[in-house]
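Proteins come first, then strands; the chains are lettered A, B, ... in the order of their sequence lines, and each starts at number 1.
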Protein chains: 2
Amino acid sequence: MRTYKQACGLAKTLDLVGDRWSLLIVRELLIRDACRYTDIRKSLPGIATNLLALRLRELESAGILVREAAAPPIATPLFRLTDRGRALEKAVLELGRWGSPLLTTPSRGDKLQAHWLVLPLKLYLRDLKPQEPKILINLRAGADPIAIEASAGNIAVRLGVSEHPDALVKGKPETLLRLFTGRMSLGAALAEGVQWEGNREVLRRVVGTVDAPAPGANLMDSGAAGGVS
Amino acid sequence: MRTYKQACGLAKTLDLVGDRWSLLIVRELLIRDACRYTDIRKSLPGIATNLLALRLRELESAGILVREAAAPPIATPLFRLTDRGRALEKAVLELGRWGSPLLTTPSRGDKLQAHWLVLPLKLYLRDLKPQEPKILINLRAGADPIAIEASAGNIAVRLGVSEHPDALVKGKPETLLRLFTGRMSLGAALAEGVQWEGNREVLRRVVGTVDAPAPGANLMDSGAAGGVS
DNA sequence: CCGGATCCGGGTTGATACTG
DNA sequence: CAGTATCAACCCGGATCCGG
């Protein structure tokens, strides 16, 4: 294994997850608790099958994920993060936050899969009315539905469907992302084909600037927009 | 440029800083405000000169750093992070935090340069007595002295020397790191050759468990230790 | 010395074909 | 479905050389 040979936390981390595709595999497992080989493959267009198999072995031997031989009847192995692997979430979220401003520029041929919304929603949603009763929002932007729950000041975002939600929102992933990160008003979203069923007020519960989509609204905490090479 | 072609913040970040050495170059510039080519090279043993030059061009065109043509007399270019590049600090610190537990295992041939202590010190030092007057600690573990300042609940760590410090601590970087991250008592550090001049009580100001170096003390927030492949 | 450019051998990645 | 095998292309590491 190629290593930097530096007694530095960052270098040690990159020794284990710095190779191409590694952190994207971790991202998939952060979003979907357990994955089959093919699930990961479909979410990583362009990865070679041998490379995916190699990375999974490497991450397994690094203690970041485990391969669970499934039940005897239909044995299809499942991959799941260990606690140690799940501890990468903060770092993954911070890397994703830094890259978010680059998503505002129109993507040429970029893919956007619905389940990827989970991580940015975790970053940008806030429970702005902690004293009010719990609310549930279901999102459907593609194959994988997303469930949002705001309760007592906390936000939970996960793949799946909540029962008896306060609202069900359908639309293209791009549009829902802009809507829920405060970069697009509800009116504009509806005009772009978003379907909102149920209570519309719950949007204000979790998104700050619903009606003030500042023209050059920047998702960053600070700093100028970076160029794209 | 090779890109993942995914409309995902993490993927976009990795498109720009996911290549080998890129984040280590950012780390160097986070620690030393402005660097010459050779400074970076000395801190990255093993990097090929052409690769360093290439990475610097890539990071420059990504808006992460700028190349400052120095003053006319003796022109030696300086590299400095932009605001956008400095915004990577949180992500870099979180990646480093995740890798910290891997530093406890004896490193085979790993290099440890004194100035790398700056980032872990930023992570693990706390001002535990915010109401007391400001204190200054100078560290010397190698070529680059480090200045620590605790004041009003905040910790500042930078390369350099404070004037009239409360304490001056000299020793091997490994030992100072363990001492200031609470994994080694002061007594043990002194026994290993650490020289402490000045007030010894200031250590309690910034380090939590000075006298309780739990045997298997873990720097992680949670999770088991990962294996090393 | 500083800041690279150039060349080369070997390792890694990407694409495709193939197998249990 | 879950990989392995193969091979071309590219990237990386090390050495050398070269203009200020």
Side-chain angles (χ1 to χ4, degrees), chain A residues 1-6 11 14-25 28-29 32 34-62 65-80 109 111 229, chain B residues 1-6 11 14-25 28-29 32 34-61 65-80 109 111 143 229:
Chain A
M1 153 152 274
R2 194 172 47 175
T3 168
Y4 289 112
K5 296 192 179 173
Q6 296 187 0
L14 295 177
D15 281 344
L16 295 184
V17 297
D19 283 326
R20 194 163 165 75
W21 299 107
S22 291
L23 275 181
L24 294 186
I25 294 171
E28 289 305 311
L29 292 173
R32 316 177 180 277
C35 276
R36 291 176 307 175
Y37 185 89
T38 313
D39 296 331
I40 305 177
R41 193 161 138 72
K42 278 187 297 197
S43 288
L44 301 179
I47 193 173
T49 68
N50 58 349
L51 206 46
L52 176 54
L54 175 62
R55 290 286 179 270
L56 288 171
R57 281 196 301 270
E58 292 171 346
L59 293 171
E60 187 181 8
S61 78
L65 57 80
V66 288
R67 179 187 316 247
E68 299 177 349
I74 35 160
T76 160
L78 286 180
F79 298 92
R80 191 187 301 272
K111 307 290 182 188
S229 65
Chain B
M1 151 152 277
R2 193 173 51 174
T3 167
Y4 289 111
K5 296 193 178 171
Q6 295 187 1
L14 295 177
D15 282 344
L16 296 183
V17 297
D19 284 324
R20 193 161 166 77
W21 298 108
S22 292
L23 276 181
L24 293 187
I25 293 171
E28 287 305 311
L29 292 174
R32 315 177 179 277
C35 278
R36 291 177 307 174
Y37 185 90
T38 312
D39 296 331
I40 306 178
R41 192 160 139 73
K42 278 186 296 196
S43 289
L44 301 179
I47 193 172
T49 66
N50 58 348
L51 206 46
L52 177 54
L54 175 61
R55 290 287 179 269
L56 288 171
R57 280 197 301 270
E58 292 170 346
L59 293 172
E60 185 180 10
S61 78
L65 56 81
V66 287
R67 178 186 318 246
E68 298 178 349
I74 36 159
T76 162
L78 287 181
F79 298 92
R80 190 186 302 270
K111 306 290 182 187
S229 63

Trainee: C/dG3 C1' sits how many Å from B/Leu56 CG, rounded?
Mentor: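 So the two atoms are 11 Å apart, to the nearest Å.
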Trainee: Which is it for B/Trp21 and B/Leu51 under the side chain to side chain contact (heavy atoms under 4.5 Å, CB included) test, yes or no, and what are the steps along the way?
Mentor: CA-CA 9 Å; B/Trp21 298 108; B/Leu51 206 46; 3.8 Å; yes
Trainee: Rounded to the nearest Å, what distance is computed from the CG atom of residue A/Leu52 to the P atom of nucleotide D/dA2?
Mentor: 10 Å
Trainee: At under 4.0 Å between heavy atoms, which parts of nucleotides 14-20 of chain D does protein reach? Answer with one letter per nucleotide, 5' to 3': B base, S sugar-phosphate only, - none.
Mentor: BB-----
Trainee: Between A/Tyr4 and A/Phe79, which is nearer to the 5' end of DNA chain D once each is assigned its nearest nucleotide?
Mentor: A/Phe79
Trainee: Between A/Ile40 and A/Leu44, is there a side-chain heavy-atom distance shorter than 4.5 Å?
Mentor: yes
Trainee: Side-chain contact test, heavy atoms from C-beta onward, threshold under 4.5 Å: evaluate it for A/Glu68 versus A/Arg80 and give yes or no.
Mentor: yes
Trainee: For a quick test of reading the model: is some side-chain N or O of A/Arg57 closer than 4.0 Å to OP1 or OP2 of D/dA2?
Mentor: no
Trainee: Quick one: is C/dC2 close enough that its OP1 or OP2 comes under 4.0 Å of any side-chain N or O from B/Thr76?
Mentor: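 No, outside the criterion.
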Trainee: Test the A/Arg67-A/Tyr37 pair against the cation-pi criterion, namely NZ or CZ under 6.0 angstrom from the six-membered ring centroid and within 45° of the ring axis.
Mentor: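 No, A/Arg67 does not sit over the ring of A/Tyr37.
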Trainee: Once salt bridge (charged side-chain N to carboxylate O under 4.0 Å, His left out) is applied, do any residues pair with A/Arg57, and if so which ones, sequence neighbours excluded?
Mentor: none
Trainee: Rounding to an integer number of Å, can you tell me how far B/Asp19 CG sits from D/dC10 P?
Mentor: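 That distance rounds to 15 Å.
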Trainee: Expressed in angstrom and rounded to an integer, what is the separation of B/Tyr37 atom OH from C/dC2 atom C1'?
Mentor: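 Going from B/Tyr37 (OH) to C/dC2 (C1'), I get 10 Å.
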Trainee: Could you tell me how far apart A/Ile40 (CD1) and D/dC1 (P) are, to the nearest whole angstrom?
Mentor: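 Rounded to whole Å, this separation is 14 Å.
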Trainee: Please give, in whole Å, the distance from D/dC11 P to A/Trp21 CH2?
Mentor: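 Computing the A/Trp21:CH2 to D/dC11:P distance gives 15 Å.
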Trainee: Are B/Arg20 and A/Asp19 close enough for a salt bridge, meaning some N to O gap below 4.0 Å?
Mentor: no
Trainee: Rounded to whole Å, how long is the line connecting atom CG of A/Leu54 with atom C1' of D/dG3?
Mentor: 12 Å
Trainee: Using whole Å, report how far CG of A/Leu78 lies from P of D/dG3.
Mentor: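 It is 11 Å, rounded to the nearest whole Å.
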Trainee: Run the salt bridge (charged side-chain N to carboxylate O under 4.0 Å, His left out) test against A/Arg32 and tell me which residues pass, sequence neighbours left out.
Mentor: A/Glu28, A/Asp144
